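Remember, it's a predicted structure, so these values are computed and weren't measured experimentally. As a basis for the values below, the full set of heavy atoms in this structure was taken, side chains included, without hydrogen atoms, waters or symmetry mates.
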Amino acid sequence: SAWSTPTRSSRSTAKASSPEVGVANLLSDAIANLALTTDQNAQLVATMRELDAHHEDVQAARKALALDMASSVASGTVDEKTLAQDAENLGKARIASQPADAHAFEELHRVLTPAQRKQFATALRARAEKLPTDDAQTRYGQWRSDLEISLEQNEKISPQLDADSASTTSARAERDAWRDRLRRVADDFEKDTFTAASYVDPHVRETTIERIRRVIAFLKIVVPVLEQKQRDEAAENLRAEVGVKHD
């Protein structure tokens with residue numbers, strides 16, 4: 001069976017249904033699902049720690065973005081300029097963390113036996129076929145249930161989301177790119193030598209900016225229709241995603 005993604009919390013307004021599969025995810029899957037020796041386990045846990053240290057700037061940029069989104073939602077006015085700058089900062093941080101991602105992935109290959117590599121590659125292929133799409137409909141489904149959006153509100157929101165075909169096309173393109181990438185990586189991973197070149201997104205900055213552009217488009221449609229109580233709750237959910245509690 002393919003390895004499952006972590007289950008969602010019931011309050012996940014901010015959770016983008018991103019198709020992206022990060023290296024930290026892949027490492028923890030390998031640790032959880034492969035029959036590792038004590039030595040292999042220790043090596044991969046050390047690799048995970050090292051990777052976390054390299055992702056501090058990315059986490060900080062993600063947090064800034066989520067908090068600025070929360071402020072926009074709570075105020076009822078989407079601050080596009082600030083969010084676009086946050087997207088740029090996150091894109092740059094992600095470029096900077098890519099060599100560490102590649103190194104960690106290559107370490108995983110080095111540590112595993114040929115049989116374990118094959119098992120990992122099989123699970124990766126299965127995962128590639130089930131990637132979610134980071135589209136407005138998926139996000140809106142979550143917001144509707146979290147915020148108890150009324151029928152009247154829905155009648156204003158739904159047609160506008162449906163009309164934003166550019167975002168739908170863009171979300172599908174991102175999912176398809178990830179699916180193709182993971183299939184290629186799975187094939188490469190079974191070989192005796194492996195470089196993570198096939199895994200690394202060569203356009204990570206653009207991918208990041210485009211994903212956030214889709215979220216901004218979504219917020220501009222949904223936020224003006226919400227009542228203040230709903231905006232406050234949505235903002236709180238966005239903050240909770242990055243571990244911040246607002247008093």
Side-chain angles (χ1 to χ4, degrees), residues 3 5 15-30 47-48 50-66 83-112 117 120-136 138-139 165-217:
W3 302 339
T5 40
K15 199 52 134 195
S17 48
S18 164
E20 188 165 316
V21 183
V23 177
N25 251 340
L26 293 172
L27 281 169
S28 54
D29 276 352
T47 303
M48 284 274 287
E50 205 178 298
L51 188 64
D52 282 348
H54 283 287
H55 273 256
E56 281 171 6
D57 288 350
V58 175
Q59 297 305 350
R62 280 217 165 98
K63 188 171 182 175
L65 171 68
L83 297 180
Q85 185 57 58
D86 288 340
E88 186 69 53
N89 295 344
L90 178 55
K92 283 181 185 156
R94 295 188 70 206
I95 290 172
S97 72
Q98 279 190 321
D101 287 353
H103 174 70
F105 211 162
E106 287 159 12
E107 274 297 288
L108 175 65
H109 181 273
R110 188 186 64 75
V111 168
L112 299 182
R117 288 172 192 158
F120 179 85
T122 302
L124 200 54
R125 282 189 196 97
R127 189 170 194 162
E129 304 314 314
K130 293 199 183 90
L131 293 177
T133 310
D134 177 40
D135 62 359
T138 308
R139 182 176 286 107
S165 58
S167 289
T168 307
T169 305
S170 148
R172 284 186 190 143
E174 187 189 16
R175 181 203 58 205
D176 293 348
W178 267 100
R179 188 179 56 209
D180 295 346
R181 189 174 294 128
L182 292 182
R183 285 172 178 165
R184 282 198 306 273
V185 171
D187 291 343
D188 290 350
F189 201 83
E190 289 186 352
K191 296 171 185 163
D192 292 337
T193 55
F194 172 72
T195 79
S198 53
Y199 170 79
V200 172
D201 178 359
H203 311 293
V204 68
R205 178 182 158 274
E206 294 82 355
T207 304
T208 305
I209 288 167
E210 177 57 19
R211 188 184 298 163
I212 292 157
R213 186 205 64 72
R214 291 197 302 266
V215 181
I216 292 170

Next on the checklist: Using a strict threshold of under 4.0 Å (side-chain N to carboxylate O), is an ion pair present between R214 and D135?
Outcome noted: no
Closest heavy-atom contact between [X] and [Y]?
X: E106; Y: F194; answer: CG-O, 3.7 Å
X: A93; Y: A61; answer: CB-CB, 4.4 Å
X: R125; Y: E190; answer: NH1-OE2, 3.2 Å
X: S167; Y: A217; answer: OG-CB, 4.1 Å
X: R183; Y: A128; answer: CG-CB, 4.3 Å
X: S198; Y: D188; answer: OG-OD2, 2.8 Å

Checklist entry - Would you call the rings of F120 and F189 parallel, tilted or perpendicular if under 30° counts as parallel and over 60° as perpendicular? => result tilted
Find the distance between [atom1] ([X]) and [atom2] ([Y]) and round it off to the nearest 0.5 Å.
X: E107; Y: L112; atom1: CD; atom2: CG; answer: 10.5 Å
X: I209; Y: D86; atom1: CD1; atom2: CG; answer: 11.5 Å
X: E129; Y: L124; atom1: CD; atom2: CG; answer: 10.5 Å
X: L65; Y: I212; atom1: CG; atom2: CD1; answer: 4.5 Å

Checklist entry - Does Q98 use its side chain to pair, donor to acceptor, with the backbone of D201 at less than 3.5 Å? => result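 A pair under 3.5 Å: yes.
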Checklist entry - Under the 3.5 angstrom rule, does the side chain of H54 hit a backbone N or O of S97 as a donor-acceptor pair? => result no
Minimum side-chain heavy-atom gap [X]-[Y] below 4.5 Å:
X: R175; Y: D134; answer: no
X: M48; Y: S28; answer: yes
X: R211; Y: L90; answer: no
X: L108; Y: L27; answer: yes
X: V215; Y: R139; answer: yes
X: E50; Y: H103; answer: yes
X: T208; Y: K92; answer: no

Next on the checklist: N25 vs R127, test: side chain to side chain contact (heavy atoms under 4.5 Å, CB included). Steps then yes/no.
Outcome noted: CA-CA 12 Å; N25 251 340; R127 189 170 194 162; 4.1 Å; yes
Checklist entry - Is the charged tip of R181 near the ring of W178: under 6.0 Å from the six-membered ring centre and within 45° of its axis? => result yes
Checklist entry - Is the number of heavy atoms from other residues, nucleotides or ligands under 6.0 Å of R184 CZ greater than 12? => result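 Enclosed: over 12 neighbouring heavy atoms sit under 6.0 Å from CZ of R184.
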Item to check | Verdict with supporting geometry, L182 and L131, side chain to side chain contact (heavy atoms under 4.5 Å, CB included) | outcome: CA-CA 10 Å; L182 292 182; L131 293 177; 4.1 Å; yes
